[in-house]
Peer 1: 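Next up is a structure, given as structure tokens.
Chain letters run A, B, ... following the sequence lines, proteins first, then strands; residues in each count from 1. Quick note: numbers below take in every heavy atom, side chains included, and nothing from hydrogens, waters or symmetry partners.
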Amino acid sequence: MQTTAAEKIFVKGNEAVAMAALEAGCRCYFGYPITPQSDIPEYLSRELPGLGGEFIQAESEIGAINMLLGASATGVRAMTSSSGPGISLKQEGISYMAGSELPGVIIDIMRAGPGLGGIDASQADYFQATRGGGHGGYRIIVLAPASVQEIYDLTMLAFDLSDIYRMPAMVLADSVIGQMKESVTPNSRPKTVLPPKEWVVRGRAEGTPQNVVKSLYLGDGEMEAFHWKMQARYQELADKESRWEEVQTADAELIVTAFGSTSRIAKTAISMAREAGMKVGLMRPITLFPFPKKAYAAISERCKLFLDIELSTGQMIDDVRLSVARDAEVAFYGRPPGAGSLPTPEELFEQIKKNYQACS
Amino acid sequence: MQTTAAEKIFVKGNEAVAMAALEAGCRCYFGYPITPQSDIPEYLSRELPGLGGEFIQAESEIGAINMLLGASATGVRAMTSSSGPGISLKQEGISYMAGSELPGVIIDIMRAGPGLGGIDASQADYFQATRGGGHGGYRIIVLAPASVQEIYDLTMLAFDLSDIYRMPAMVLADSVIGQMKESVTPNSRPKTVLPPKEWVVRGRAEGTPQNVVKSLYLGDGEMEAFHWKMQARYQELADKESRWEEVQTADAELIVTAFGSTSRIAKTAISMAREAGMKVGLMRPITLFPFPKKAYAAISERCKLFLDIELSTGQMIDDVRLSVARDAEVAFYGRPPGAGSLPTPEELFEQIKKNYQACS
Amino acid sequence: MRYDVFFAGYGGQGVLLAGNLLSYAAIHEGKNVSFFPAYGVEKRGGAAMCTVVFADGDTGSPVVGNPSVSVLLNQLSFDKYAAKVKQGGICIVNSSLVDTGGIDLPGIDVVLVPMNQIALEMGDVRMVNMVACGAYIEKSRALKSESLAAALKKALPERNHKLIPANLIAMEAGAQAARD
Amino acid sequence: MRYDVFFAGYGGQGVLLAGNLLSYAAIHEGKNVSFFPAYGVEKRGGAAMCTVVFADGDTGSPVVGNPSVSVLLNQLSFDKYAAKVKQGGICIVNSSLVDTGGIDLPGIDVVLVPMNQIALEMGDVRMVNMVACGAYIEKSRALKSESLAAALKKALPERNHKLIPANLIAMEAGAQAARD
Amino acid sequence: MKQVFTRPESLKDVSTHFCPGCHHGSVHRLVAEALDEFGIRSRTIGVASVGCSVFLYGYFDIDVIESPHGRAPAVATGAKRARPDRIVFTYQGDGDLAAIGMSEIIHAANRGEDITVIFVNNTTYGMTGGQMAPTTLPGQKTSTSPYGRDVRKDGAPFKMAELLSNLDGVAFSARVALNSPKNVIQARKMIKTAFRYQVEKKGFSFIEALSACPTNWGMNPLDANQRVTDELIPYFPLGVYKNTANL
Amino acid sequence: MKQVFTRPESLKDVSTHFCPGCHHGSVHRLVAEALDEFGIRSRTIGVASVGCSVFLYGYFDIDVIESPHGRAPAVATGAKRARPDRIVFTYQGDGDLAAIGMSEIIHAANRGEDITVIFVNNTTYGMTGGQMAPTTLPGQKTSTSPYGRDVRKDGAPFKMAELLSNLDGVAFSARVALNSPKNVIQARKMIKTAFRYQVEKKGFSFIEALSACPTNWGMNPLDANQRVTDELIPYFPLGVYKNTANL
Amino acid sequence: MSYIIIDETRCKGCGLCTIACPKKLVSMSENPNSMGYTVAIFTGPEKCTGCMLCAEMCPDVAITVFKE
Amino acid sequence: MSYIIIDETRCKGCGLCTIACPKKLVSMSENPNSMGYTVAIFTGPEKCTGCMLCAEMCPDVAITVFKE
Ligand SMILES: Cc1ncc(C[n+]2csc(CCOP(=O)(O)OP(=O)(O)O)c2C)c(N)n1
Ligand SMILES: Cc1ncc(C[n+]2csc(CCOP(=O)(O)OP(=O)(O)O)c2C)c(N)n1
Ligand code: SF4
Ligand code: SF4
Ligand code: SF4
Ligand code: SF4
Ligand code: SF4
Ligand code: SF4
Ligand SMILES: [Mg+2]
Ligand SMILES: [Mg+2]
């Protein structure tokens, strides 16, 4: 890492993740190589040993997520990272972590799918991340950065939220954000007050209660009670932790909505539209779960036309539709993932024009 | 299997699945034991060898789904079955099958989750089934039976639809349907005209083109084209294959909507409501993907109040909300899965009363 | 008509066989039947329950909140399920193992049958479930006893068909006890 | 001001290093920078591309559909990307390897620089990317050459710092060629 | 009068859900005795697997992590690496360890994780109702091998104690049985050795315990116990397969 | 003049994407020659894995199924059981087979599936850029073992040809190399034997091919080739580890 | 003189103790406990050596042994 | 007299053939092919025995061997 005069460093998104994890006090990393995120384990394999931490290249993504489960259960901060196929393999483990109320950070640098797909940027794993690709109807925290600085900051936030709400937290980005280099101010770990981890499995010393990390609930009504407890926690998350960015929405007649890398492309397209005299704004969810429903509802009181842009055939659009006012319209422009399919600002500008004209 | 005079047989839902698979010409089964579906492999381990078929108890659910992939690629009819944790483990394989346009039938007898959870009935894996728990934004056909006869019939249908549309098809039930015994008429295989499988990998004989089953698309725009092709196929599915059951919806002022086992419980509750003079009907989706959007839209033109009932904190409700008219209201009553949490008809009747009164 | 009956006991008391038997009897009478079992986590000695619904038309819900008839074979089942019986319904209790403790179940016809004792008298404590079935058809009149006789052939594996006569006698004894 | 430049060539031509170098130069001038690379599937000899966007304010999209400046180092890149250059933009071409085939790019300033030849003359064909950078700053005037000199220290690993003077000469040669 | 045999402290004073004659109970007790012996209860983390032993936390008075089916060695790896001063053991069935969990056990063993693995081989899937396991004997009928295990299609039973001893990372590997007092006493010795290896940070230690599952074998407890003698031990010979201290 | 050496028919007449000096190309050719030799091209199904060899279909003129990373043995099992008269082989890298795919290879081998497995061991993850593999040598630096493989934490490299030969289901297991004409010729013989076993329905056959990955070893092709001689072969001895026809 | 105590509530009637005792001092009763298991009983303190083999064998840790 | 033909478009210049030939009849040129690889060249048909070792060694199957 070379630092500039301004203390900024110019790094890849993936490297920023690794740096932020270390700053957040993460001392255990378990992962399995997969493009386009392998810079993360590579960086940590260099840095963790010197910090007294543990780096394991697991035998598989399943090994990795279960090592994360084991480490998190003992109360340390730990992380794994992967991409599409590997994240699919982790679904059972994530479900167990959610069912065991375990924290733990999962980085998902999305690539094109389904199947082996390709290594190009994708947003087609939105459903998998936000709806729980695993069984049992749990949810996890999902944070969607749109810049290298933000992936740094959100990785740190993921550790805090995960500890506070006792559930896995995922940073959901794609190969644009993971491979892109930008200048980053390596912020130090925020002084968030974290709840004590009394539930930790670390040996049942005399006089302390037995701690058990488990997801098995067999007593009458126990599992149901767990679900309602989680439901309340999700609501609390929505109330306290919803994050989003609005750009020029105040006077907008068309609101583009997009997350992560697409929001970056959209921003330039919106500048082009503004230059062309169109009142266009951007609504970018930063937390995908909790989805900033209220913010969408509020915006849609004043602007009735949305254009949702995704690197998929449309997934977040469900959340947008379920959030906006009933009389709002949500148009869609999707470029499913794959080589040569990343939209350009010019292309999105055309879409904005088309929809803007349709409305006026 | 004992047969009655009427040629009906009295069997468990799980056994009906196995019988239907054999009738559909399924000759390869790959699975791993898990409650509450182990009757399926047990039945097939007895019957397949005698039919010249192959039964493999795979080393794991991952082994099983990949054996299914391999067998399906050669053009035979093949199947796997599992429940929550096992289905989570199959997600990568399902994504590969979807990405490779492979047919194949997956039976999911849902149990309580997340994690190890419990073996009681659940509908909390609706999102996993219908949104693709795996990566890459694919969808699979999802059929939701509500009786033993229907799980028999839909299992056979799953094989046909899977072959016709070249995508995995899932029968999504729960331990109520899987463990329940009812009389079944063992219908014979419908005479559906199936498309020839020219894509099959069976050895590249001279003069025939090389066949490759793969999900890797690296050429510019290739993967995107694949996504749009699939999107068109999903639309075709929605147009041609949407299935649902309506009961007494014509004059209904409140429409209960539920799938699978809950719809059965709801039916009795609705009878109770009708007896009490309330105009209540039932809308039961049989295909969860494709979701019968148009049917919901049509009903919601005449009835504005829906009560969605699920064994979860609410998943199908998203699809209901996204399908009904904008001015329709969708209330929710959920019993998340777990021991002692199966709702009773009496309980649902109370919910119907409450919502019915609220509306009138 | 739509009938429902709920059986509960511990594993080994033959609860599921009883449910199966009634199911086959109902099928014999041309009814539609839903038989819905449930178990505890133990392989041996755990709880076992089942619900049988039969009707001329649709069986509707396989789950019944307030059964019209419950047959409760041990204390745990009684404590947990007796109060759930529908108003006007019947609660048949294995009084050999259950202490009803003078519990009052207003509006419910509580029928005490010393099933273990009767079964032992018949020579095999494992016939508790047959005694229970006898008591059930006697009190509910939902099925004919000929149907149960026919059903035994379906519900029992071939190798146990020799036990059918003994089972029929046990049923009759159960019916008799319930009548008294 | 917001600047963007697109580099493309085959692996081994140093496309990514060139992008990094310009990035550091822009950072040196206090700009915000987004450097976005892309590769083909081959480990060796495949395609390599990158886009650098730098601005005083937000860099916005790291993806650029119609670059203001493209630097195309081989035939494949030229064939695929030349026509994408923005109207009024600049297309710098490695004429040592690219046959522009008399293709007409109206509204685009096509600058032919025989980069391989120049690099070979400088003694090392691997300096093609430096020649390209020189041509770029000459034509775009987006960055100062001092900044590139400073940037070399950041972009090159320590062990290669001895090559900096040679690289600077190569850049100057590239600039010179573009000027002519 | 001195009480010479009593329940180990690390075992809770409760009844188990195990069936009559199930050897899981015996293995539980021996593990608890080892924890008592080394005085490590208060720093031990048990890693339960999915199978009849899933209620480990109900019986052992120690902290417990319940892992997904087959993944206990990975979970234990995470826990041990995070807390190297703790004693970490897994307790796994044959379906768990040798079928779905094959990759995790092989890799944890090969890495030489400093953990102890207690592997209960009862030649069947107990919890799910007696399906064929990777250790089901040739010809053995189970609910998914109704015509008996056919080695030509299902393969031969895995001998895990032997297989793992081929890996450099394994410090100790032994197979024991619980079918006679003598074997129980020998099993205790082996289980203690396995934990001693961990206490002394000597690396990965592995115990395979041949166990009876009367319920799924369709036998009464005495016959099931006899089957261990007559069928299991001849196929899976008892003994120490690796002992690096001896090397 | 007779053309004595030419490209096998089963290999398409195209350039590969492999790096200069990569032995994947050599292994491809030898497998193609075996298909030619037995005249089985038209009934062969290749099962590709994920790794540098993922483009199998681009180079072999045969039908191909591409499997998820590590799962080729399961995919091949499904294909072979469905079509027992076809010749089915997998082609897998060391990351694919010995890391993520450990369970699948062990179980397919143990079941004695009638397939042939070609295992290319280049001691690294080629496709993803040179991370540590389960076969990375002690001390070898890779992008995720920047200080060299530490056997105390990472374990010793797996010797798959030896490990698998412990399983009853394995009929043939051999290790070959491509670093000299002599070894190439020997490799051809072994690969042909492996396919012959399948043609004759003799069961599971396994070939481990030690291979150079100049790119990720950071070496030129000649040095990489030399490393196979100097470092790989001494650690992974060549030879036949199991040959049931000889037993 | 030694003796053993069999905890009735824990005994599951498996009978393994009966084959373990070299003196055949444990046998099965006909009495079911609260779980329905017919439990084992100790038949002779006279000959008991306190060798603990019965206790070693009991999977349910239902036996306590006392020795002089 | 035997000889070999090296397919220029296939050769990746790895040099493995040069160490394979017992007669040292293959060497590396300075000429890059269309992919930029400097290809191998056959230097002497006089001494070639047609032993095929060069071809066996070539990972890219770029060599064809002709023998009398
Ligand atoms: C992923 C997954 N697959 C399957 C199951 C179902 N399951 C629970 S326990 C078990 C096997 C138990 O057998 P074993 O490991 O031998 O333990 P035992 O009960 O015999 O002691 C299985 C397959 C599960 N819980 N999770
Ligand atoms: C589930 C999953 N995890 C990870 C990857 C990424 N991946 C692709 S190839 C590969 C390893 C390749 O190494 P190896 O098997 O040794 O083959 P080689 O390229 O060396 O021939 C990995 C980890 C993937 N595609 N899928
Ligand atoms: S089923 Fe078998 S393993 Fe499980 S508790 Fe019963 S006897 Fe033990
Ligand atoms: S990266 Fe290595 S294994 Fe892959 S093609 Fe290049 S040399 Fe071969
Ligand atoms: S202690 Fe020994 S002698 Fe006494 S009862 Fe037990 S086994 Fe028999
Ligand atoms: S061994 Fe234990 S559980 Fe079994 S009969 Fe004897 S005392 Fe009872
Ligand atoms: S055939 Fe033999 S002698 Fe001729 S060039 Fe090749 S290696 Fe040399
Ligand atoms: S071995 Fe083949 S690819 Fe390598 S230099 Fe010789 S001819 Fe070229
Ligand atoms: Mg077992
Ligand atoms: Mg490799």
Side-chain angles (χ1 to χ4, degrees), chain F residues 1-33 36 52-53 59-60 120 122 176-189 209 211-215 219-226 228-229, chain H:
Chain F
M1 256 328 161
K2 216 175 70 201
Q3 188 167 335
V4 288
F5 186 99
T6 186
R7 166 178 290 272
E9 268 195 22
S10 298
L11 208 59
K12 291 188 192 173
D13 196 7
V14 296
S15 283
T16 69
H17 73 293
F18 298 126
C19 310
C22 174
H23 289 170
H24 268 302
S26 312
V27 179
H28 272 48
R29 174 174 65 85
L30 297 180
V31 170
E33 286 186 8
D36 284 4
C52 281
S53 58
Y59 308 138
F60 283 91
V120 175
N122 59 12
V176 303
L178 296 311
N179 60 325
S180 69
K182 186 172 137 268
N183 282 343
V184 170
I185 290 163
Q186 177 66 6
R188 179 188 9 252
K189 205 175 121 196
S211 298
C213 173
T215 300
M219 290 175 165
N220 69 43
L222 290 177
D223 290 347
N225 195 66
Q226 191 59 36
V228 175
T229 318
Chain H
M1 250 192 19
S2 305
Y3 66 94
I4 67 170
I5 296 179
I6 299 174
D7 182 343
E8 264 218 11
T9 61
R10 290 290 151 75
C11 175
K12 288 183 186 149
C14 69
L16 293 180
C17 48
T18 66
I19 58 165
C21 177
K23 309 272 177 187
K24 302 278 166 238
L25 303 180
V26 196
S27 59
M28 300 312 295
S29 75
E30 297 272 278
N31 308 334
N33 66 8
S34 64
M35 304 284 292
Y37 297 124
T38 51
V39 301
I41 42 171
F42 181 49
T43 56
E46 312 76 32
K47 304 197 208 133
C48 178
T49 61
C51 69
M52 303 191 293
L53 298 184
C54 53
E56 290 290 358
M57 197 61 196
C58 174
D60 286 281
V61 206
I63 302 179
T64 321
V65 183
F66 295 85
K67 196 171 175 167
E68 292 259 270

Peer 1: Is there side-chain contact between H:Pro59 and F:Phe18, with at least one heavy-atom pair below 4.5 Å?
Peer 2: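 In short, these two side chains do not touch, never coming nearer than 4.5 Å.
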Peer 1: For each of H:Val61, H:Thr9, H:Asp7, tally heavy-atom pairs with chain F at distances under 4.5 Å, and name the one with the top tally.
Peer 2: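 Option with the top pair count is H:Val61.
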Peer 1: Between H:Glu56 and F:Arg29, is there a side-chain N and carboxylate O pair less than 4.0 Å apart?
Peer 2: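 F:Arg29 and H:Glu56: salt-bridged.
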Peer 1: Does the side chain of F:Val184 come within less than 4.5 Å of H:Leu53's, by heavy atoms?
Peer 2: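 Contact flag for H:Leu53/F:Val184 side chains = no.
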Peer 1: Where does F:Ser180 contact chain H at under 4.5 Å (heavy atoms): side chain, backbone, both or neither?
Peer 2: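 When you check distances to chain H, only backbone atoms of F:Ser180 fall under 4.5 Å.
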Peer 1: For the residue pair H:Lys12 and F:Ser15, confirm or rule out a side-chain donor-acceptor distance under 3.5 Å.
Peer 2: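 No, F:Ser15 and H:Lys12 have no side-chain donor paired with an acceptor closer than 3.5 Å.
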Peer 1: Specify the closest pair of heavy atoms between H:Arg10 and F:Asp13, including all atoms of both residues, with the distance to one decimal.
Peer 2: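 Looking at all heavy atoms of both residues, the shortest contact is NH1-OD1, 2.7 Å.
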Peer 1: Looking at residues at least two apart in the chain, or sitting in another chain, which of them share a side-chain contact (heavy atoms from CB on, under 4.5 Å) with F:Gln3?
Peer 2: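 F:Gln3: side-chain contact (heavy atoms from CB on, under 4.5 Å) contacts with F:Thr6, H:Thr64, H:Phe66.
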Peer 1: Count the heavy atoms of every other residue, nucleotide or ligand shown that sit under 6.0 Å from CD of H:Glu8, and state whether that count exceeds 12.
Peer 2: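 Count not over threshold, so no.
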Peer 1: Find the one option among F:Arg188, F:His24, F:Lys182 whose heavy-atom pairs under 4.5 Å with chain H are most numerous.
Peer 2: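 Winner by heavy-atom pair count: F:Arg188.
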Peer 1: Please look at H:Ile63 and chain F and tell me whether the side chain, the backbone, both or neither of the residue comes under 4.5 angstrom of a heavy atom of that chain.
Peer 2: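 For H:Ile63, the contact with chain F is made by the backbone alone.
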Peer 1: Using heavy atoms and a sub-4.5 Å threshold, report which of residues 14-22 of chain H line up against chain F, by residue number.
Peer 2: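 So far as heavy atoms go, H:Cys14, H:Gly15, H:Leu16, H:Ile19, H:Ala20 are the residues that approach chain F to under 4.5 Å.
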Peer 1: Would you mind checking which part of F:Asp223 comes under 4.5 Å of any heavy atom in chain H, side chain (CB onward), backbone (N, CA, C, O), both or neither?
Peer 2: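 Neither the backbone nor the side chain of F:Asp223 comes within 4.5 Å of chain H.
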Peer 1: Please name the pair of heavy atoms, one in F:Asn225 and one in H:Met57, separated by the smallest distance, quoted to 0.1 Å.
Peer 2: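 Answer, listing the atom of F:Asn225 first, then H:Met57: OD1-CE, 3.5 Å.
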Peer 1: Kindly indicate whether the side chain of F:Met1, heavy atoms from C-beta on, has any atom under 4.5 Å from the side chain of H:Lys67.
Peer 2: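 They are not in side-chain contact.
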